[in-house]
Amino acid sequence: MTEGIERTPLTRDFFDRSVLEVAPDLLGRTLVRTTEAGPVEVRLTEVEAYAGEIDPGSHAFRGRTQRNHAMFGPPGHAYVYFTYGMWHCLNLVCGPEGRASGVLLRAGAIEAGAEWARERRLTARNDNELAKGPARLATALGIDRTLNGEDVVAGPSGPLSVLHGTPLPRDQVRSGPRTGVGGDGAHQPWRFWIDGDPTVSPYRAHAPRRRTT
DNA sequence: GGGAGGATGCCCT
DNA sequence: GGGCATCCTCCCG
C-alpha cells in the first residue's frame, strides 16, 4: 500500500490554465465521489474541452445565465447541468476565472466502489459500461445539481475531488471532434481520449432532431 | 454492432 | 415553444 503522489489532490493551479491544456492532462486522473453509501473512484479516459464565451458549442456562448453561472467562477469547481429531462453531466471549470471554460467528463473506468456504481447503473451490461458516456459517468457516481459549484480541489474529504492518479504517457492521448456538437464548433478536435481504452464512449456526430408530432 | 425513435423536464428566447 | 454537451429499447443484419 504505497501512499504516493497518486493519492494527493490536484491543485487549484492545475485547473487555472487554458482548457486545452487541462483537458488532455485530466486523462488518467482519479475522480473520487464520496457519499453515505461509500466512495466511488473513476479513472478518467475521455473528456471534452469547452472554451467558454468564444465557443459556439459551450453553454457559456451566450453569456452568463442562471444555469451556467458556475462556469464563470474560479477554476477547480464543478459545473453540473441537467439535460434531456433525465440526465446530469459533470464539468470541471478551468482558468482563467471569468472565461467560463470547462472540461466535460465523458467516460472513465471505475477503479473502486464498483458495487455502488453497479447499484446506480442497473442497465450496464458489464463494468466497462458503468461510466461509458457523460450521463452514465454522472449516474455511476451519484452526481446531481446539488454538486453544482462544488470545490473539487479542497481535499479528499469532500464530496467530490480529483487526485493525481497514474501519470499517462503522452503518446496514449488521442484527439478528435467533439461528440454531439454541431454548428461552428463541430470541427474543433477538442475531444480527448485514451487510445484503445474499452471505456471510451462511441463517437456520434451531431444530428439535428426531427420534429415529432 | 448499429441505426431509428422515443423518453422527459428544464432553460432560454 | 424549441432545443438540448444523452441514453435506452427495439429491430435489423
Side-chain angles (χ1 to χ4, degrees), chain A residues 15 19-20 22-24 26-27 31 42 44-72 77-94 99-108 110 117-149 152 174-193 196-213:
Chain A
F15 291 98
V19 68
L20 292 180
V22 175
L26 277 169
L27 296 174
L31 179 70
V42 61
L44 301 176
T45 60
E46 182 191 357
V47 299
E48 277 176 2
Y50 287 86
E53 293 183 276
I54 63 167
D55 179 3
S58 171
H59 288 174
F61 184 58
R62 291 186 160 77
R64 183 176 183 140
T65 66
Q66 189 164 18
R67 180 204 209 191
N68 68 21
H69 73 274
M71 295 186 84
F72 289 80
H77 289 250
Y79 164 52
V80 180
Y81 67 88
F82 181 71
T83 192
Y84 291 102
M86 282 171 280
W87 311 110
H88 297 276
C89 293
L90 170 63
N91 297 252
L92 301 178
V93 178
C94 295
R99 174 162 299 177
S101 64
V103 179
L104 172 67
L105 307 186
R106 287 198 57 89
I110 303 294
R118 291 188 200 108
E119 256 180 36
R120 300 184 179 110
R121 290 272 303 117
L122 296 176
T123 59
R125 288 166 294 191
N126 57 66
D127 282 2
N128 283 337
E129 289 187 352
L130 287 174
K132 187 179 198 163
R136 291 167 167 181
L137 185 151
T139 300
L141 270 57
I143 284 166
D144 61 25
R145 277 171 296 179
T146 63
L147 292 171
N148 191 35
V152 299
R174 304 280 314 272
S175 65
R178 292 176 294 185
T179 302
V181 173
D184 295 336
H187 65 283
Q188 305 283 12
W190 289 351
R191 172 176 173 253
F192 303 92
W193 68 94
D197 191 283
T199 65
V200 173
S201 65
Y203 173 76
R204 302 211 191 289
H206 175 77
R209 291 173 65 74
R210 294 177 52 187
R211 289 177 49 185
T212 56
T213 62

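Just so we're on the same page: letters track the sequence lines, and every chain starts at 1. Everything numeric in this text was worked out from a predicted model, so none of it was measured.
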For nucleotides 10-13 of chain C, give me every protein contact, N/O to N/O, under 3.5 Å, one pair per line with atom names.
none

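- Under the side-chain contact (heavy atoms from CB on, under 4.5 Å) criterion, A/Pro24 pairs with A/Arg170, A/Val173, A/Phe192, sequence neighbours left out.
- For DNA chain C, the neighbouring residues in residues 123-134 of chain A, judged by any heavy atom under 4.0 Å, are A/Thr123, A/Gly133, A/Pro134.
- The side-chain hydrogen bond (donor to acceptor under 3.5 Å, both in side chains) search around A/His59 returns A/Tyr79, not counting sequence neighbours.
- Shown here are the side-chain contact (heavy atoms from CB on, under 4.5 Å) partners of A/Asp184, two or more places apart in sequence or in another chain: A/Pro56.
- Below the 3.5 angstrom threshold, one finds no donor paired with an acceptor across the side chain of A/Tyr84 and the base of B/dA7.
- Of the residues in residues 51-61 of chain A, not one places a heavy atom less than 4.0 Å from an atom of DNA chain B.
- Using a 4.0 Å heavy-atom criterion, one finds that A/Arg178 contacts no nucleic acid atom at all.
- The salt bridge (Lys or Arg N to Asp or Glu O under 4.0 Å) test applied to A/Asp127 returns A/Arg118, not counting sequence neighbours.
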Checklist entry - What would the secondary structure line of DNA chain B be in dot-bracket form, counting Watson-Crick and G-U wobble pairs under 3.5 Å, with [ ] for pairs that cross earlier ones and | for pairs with another strand? => result |||||||.||||.

Quick one: which protein N/O atoms are closer than 3.5 Å to N/O atoms of nucleotides 10-13 of chain B? Pair and distance per line, please.
from, atom 1, to, atom 2, distance (Å)
B/dC12, OP1, A/Thr65, OG1, 2.1
B/dC12, OP1, A/Arg67, N, 3.2

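- Every residue was checked against the salt bridge (Lys or Arg N to Asp or Glu O under 4.0 Å) condition with A/Arg67, not counting sequence neighbours, and none meets it.
- Among residues at least two apart or in separate chains, side-chain hydrogen bond (donor to acceptor under 3.5 Å, both in side chains) pairs with a member in residues 129-138 of chain A are A/Arg125-A/Glu129.
- Within the structure, every pair that satisfies the salt bridge (Lys or Arg N to Asp or Glu O under 4.0 Å) test and touches residues 44-63 of chain A, not counting sequence neighbours, is listed here: A/Glu46-A/Arg106, A/Glu46-A/Arg191, A/Glu48-A/Arg106, A/Asp55-A/Arg178.
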